[in-house]
Amino acid sequence: MSKKTQPRNTVTALTGRPNAQVLIVGGGINGIATFRDLALQGVDVAIVERSDYGSGASAASSHMIHGGIRYLENGEFRLVRESVQERNGLIRIAPHYVKPLQTTMPIFSTFSGIMNAPLRMLTHKQRSTKERGAMLIKIGMTIYDSFSRDGGSVPKHVFRTKKAALEDMPALNKDLKYTGTYYDASVHEPERLALDVLKDGLAAGTGTGSDATARAVNYVEAVGTRDGGVLLRDRETGDEFVFSADVVVNASGPWTDLTNAAFGGETKYMGGTKGSHIVVHNDELLEATKGRELFFENNDGRIVLIYPLKGRVLIGTTDIDADPSKPVVTTDEEIEYFFGLVKHVFPQIEVTRDDIVYSYSGIRPLPRHEDTAPGFVSRDYRIVDTPIAGLPSSTVLSLVGGKWTTFRALAAHLSTEATQKLGMARKVDTTGMPIGGGKDFPTTDGQRALWIKSHRDGLASETVDRLLDRYGTRAAEVVDTLTTGPVEPLESDPTLTRGEVRYFAEREQAVHLVDVVLRRTNLAFVGGVTIDLLDELADVMAESLDWTTEERADEVQRTLDVLRESHGVIVPLTSASQPA
């Protein structure tokens, strides 16, 4: 019998003991980080995610860990200060995935925006599409630098006049007057960082199976309440069961109101906006960026970015009101918008639809904002005690807002709220605590060479080096799995091994083929998916998860459908090595 008709071990761990002190609904980065924090406090905690971990709003980010220099204009100084401090902290505690990123802002005027800025701060409405000038941006960068006075993890900003700016980056628009260059940080593998945080939480628990004090399961959704508990449904088998908890944390991001509605409560906390991105393979544009993010104001007053990543260029993002009950995709209008913003900064560079290898869109978990312009909606977060009649014995805490940069601090606040409801005191501070493969991560060439040499275990140095890039020091676990048999690189992509694919299925809860293509790896992001690769991945997954021939075929087709419908990727159905 296929494993798809049988409950997974992660599910039976919940049904075997259907209660915990805290149940978290929503496995995005904020829910996962809260799970980790609570597990570290010794709380009996469970987390459920209706799809795959990090597949919702967390998967639609700009891959930035940033202080939010533009939030200064909203008057959100507390958020910016916290964000800068958390950015610096993540560079230290997650150096395998979070790295400093030099960022340049092309500036086309000197004084523009000075009169509008105070009005924007007070009213949170766009007063004019006139761009911010050098004086206003200089003030912002100086304030931004001041928030890194803990010794900082990045250098201070540098301003250049036109001549020096064009010598520095010759492909820039010759009409600019200045550039301002500062540092933020990027997260190269956000989905893998989320998995690292989840694994930390699981490792912090005690016991195994239903006795574990930290339990996590994906593809299980909260569909309502019954008998005073949360009604959960295993989306793989269709089985439903009731799970009770003293505290229920609703961390379902832009879907928070919909989750509360499923519980029988009516809330109007959320008012998320849609953000889209495209990823292009354009060598001229990649070279023009000089390895830096271009973060700038487009002609319509919207702050946008062009960011070199993984040998491709990420372009984004839009900010459009959206309905969380409906799926969102990148539209033709948004794509044309992205092409226009490239022209604004690099007029001589032509980007076409043929260059696009991937696109994605998501809804930001922003608070309800009525008539506030989308770009001025607060990126801060708050925790709301939410009465739910169907959960009379539970305290429901709804998380409103939150972003990637502040996930650790947010989780500490949310965990504190939960432990207070439980009458428990916090005993572990996660400030400065390494995350997953960031622990003892080698940060110099010498340290890296020594780590690779001491963890080769018979593998080629190049293989271990690649594993260290992909998993941080958790690569040691992967090395252990690879050395139990012959190391077999995939024929369709030798940078990935069959052992790693088994690791995703057996150790990282990859349930579907699309989980591997979109989140356990960056294969789709860089435009690296072929039909040969899907077939080879599906063969390995089928062995690990006991898929039938029909299920394996369904998994390949489902992945093709998701890539086409959600990401604009059409995978040719004939092998590149075979005649059509």
Side-chain angles (χ1 to χ4, degrees), residues 1-28 31-32 34-35 44-59 198 202 209-210 212 214-267 324-327 386 388-394 396-399 509-515 519 545-547 551 554-555 558 561-562:
M1 183 177 288
S2 165
K3 278 191 177 179
K4 284 200 173 187
T5 63
Q6 296 294 309
R8 293 161 285 151
N9 291 338
T10 50
V11 176
T12 58
L14 294 188
T15 57
R17 181 171 62 87
N19 57 80
Q21 289 176 293
V22 178
L23 171 65
I24 300 171
V25 178
I32 288 172
T34 304
F35 171 77
D44 180 12
V45 58
I47 183 170
V48 296
E49 162 56 41
R50 66 175 179 174
S51 186
D52 190 22
Y53 302 115
S55 62
S58 297
L198 181 75
L202 290 169
S210 60
R215 293 169 287 170
V217 59
N218 52 0
Y219 292 100
V220 167
E221 61 182 333
V223 295
T225 61
R226 181 186 295 169
D227 302 329
V230 176
L231 181 63
L232 300 177
R233 178 185 297 144
D234 181 351
R235 296 185 67 188
E236 296 304 295
T237 64
D239 295 341
E240 294 184 349
F241 58 98
V242 175
F243 196 93
S244 61
D246 299 313
V247 177
V248 176
V249 174
N250 181 355
S252 47
W255 302 279
T256 293
D257 290 329
L258 299 179
T259 299
N260 284 337
F263 292 158
E266 182 178 348
T267 59
S325 67
K326 299 176 182 177
T386 308
I388 300 290
L391 298 171
S393 301
S394 301
V396 178
L397 300 175
S398 297
L399 173 63
Q509 297 189 43
V511 175
H512 295 288
L513 177 59
V514 73
D515 298 338
R519 288 172 289 276
L545 300 178
D546 287 348
W547 291 344
E551 287 168 346
D554 286 346
E555 287 289 336
R558 174 182 177 179
D561 291 344
V562 169

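Residue numbers start at 1 and run along the sequence shown.
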Which atoms form the tightest heavy-atom contact between L545 and A510, and what is the distance?
-> CD1-O, 3.7 Å
Could you give the distance from CG (D246) to CG (L23), rounded to the nearest 0.5 Å?
-> 11.0 Å
Between N260 and S398, do the side chains contain an N or O donor and an N or O acceptor separated by less than 3.5 Å?
-> yes
Side-chain touch E236/V220, heavy atoms, less than 4.5 angstrom | no
Is any side-chain heavy atom of T225 closer than 4.5 Å to a side-chain heavy atom of L231?
-> no
Atom pair CD1/CG of I47 and L198 - distance to nearest 0.5 Å | 6.5 Å
Heavy-atom side-chain contact between F263 and T386 under 4.5 Å = no
Find out whether L391 and V230 are in side-chain contact, i.e. whether some heavy atom of one side chain is under 4.5 Å from a heavy atom of the other.
-> yes
Of all heavy-atom pairs linking A251 and I24, the shortest is CB-CG2, 4.2 Å
So how far is it from N19 CG to D44 CG, rounded to the nearest 0.5 Å?
-> 7.0 Å
Test item: H512 and D52 side chains (from C-beta on) under 4.5 Å apart, heavy atoms = no
Look at the side chain of R215 and the backbone N and O of A13, then say whether any donor-acceptor pair between them is shorter than 3.5 Å.
-> yes
Could you tell me whether a side-chain N or O of Y219 sits under 3.5 Å from a main-chain N or O of V48, the two making a donor and an acceptor?
-> no
Mark yes when over 12 heavy atoms from residues, nucleotides or ligands other than N9 sit less than 6.0 Å from its CG; otherwise mark no.
-> no
Closest non-hydrogen atoms of P392 and G228, given as atom of the first, atom of the second and distance, are CD-CA, 4.2 Å
Give a yes or no on whether the backbone of A245 and the side-chain of S394 come within a donor-acceptor separation of less than 3.5 Å.
-> yes
Can you tell if the side chain of R50 reaches within under 4.5 Å of the side chain of S252, non-hydrogen atoms only?
-> no
State, to 0.1 Å, how close S58 and G28 come at their nearest heavy-atom pair, and which atoms those are.
-> OG-CA, 3.5 Å
So, N250 side chain and T259 main chain: donor-acceptor pair closer than 3.5 Å or not?
-> no
What distance separates F243 CZ from L14 CG, expressed to the nearest 0.5 Å?
-> 5.5 Å
For T256 and L399, run side chain to side chain contact (heavy atoms under 4.5 Å, CB included): C-alpha distance rounded to whole Å, both residues' side-chain angles, the deciding distance at 0.1 Å, then the answer.
-> CA-CA 8 Å; T256 293; L399 173 63; 5.7 Å; no
Does any N or O in the side chain of R17 come within less than 3.5 Å of the main-chain N or O of S210, such that one atom is a donor and the other an acceptor?
-> yes
Applying side chain to side chain donor-acceptor pair (under 3.5 Å), name anything that partners D234, two or more places apart in sequence or on another chain.
-> R8, T237
How long is the span from the OG1 atom in T10 to the CG atom in N218, to the nearest 0.5 Å?
-> 6.5 Å
Taking the side chain as every heavy atom from C-beta outward, state whether D554 and W547 have any pair of such atoms under 4.5 Å apart.
-> no
Are F35 and L202 close enough that some pair of their side-chain heavy atoms sits under 4.5 Å apart?
-> yes
Nearest heavy-atom neighbours spanning V25 and A222 = CG1-CB, 3.9 Å
Closest non-hydrogen atom pair, A46 against A20 = N-CB, 4.4 Å
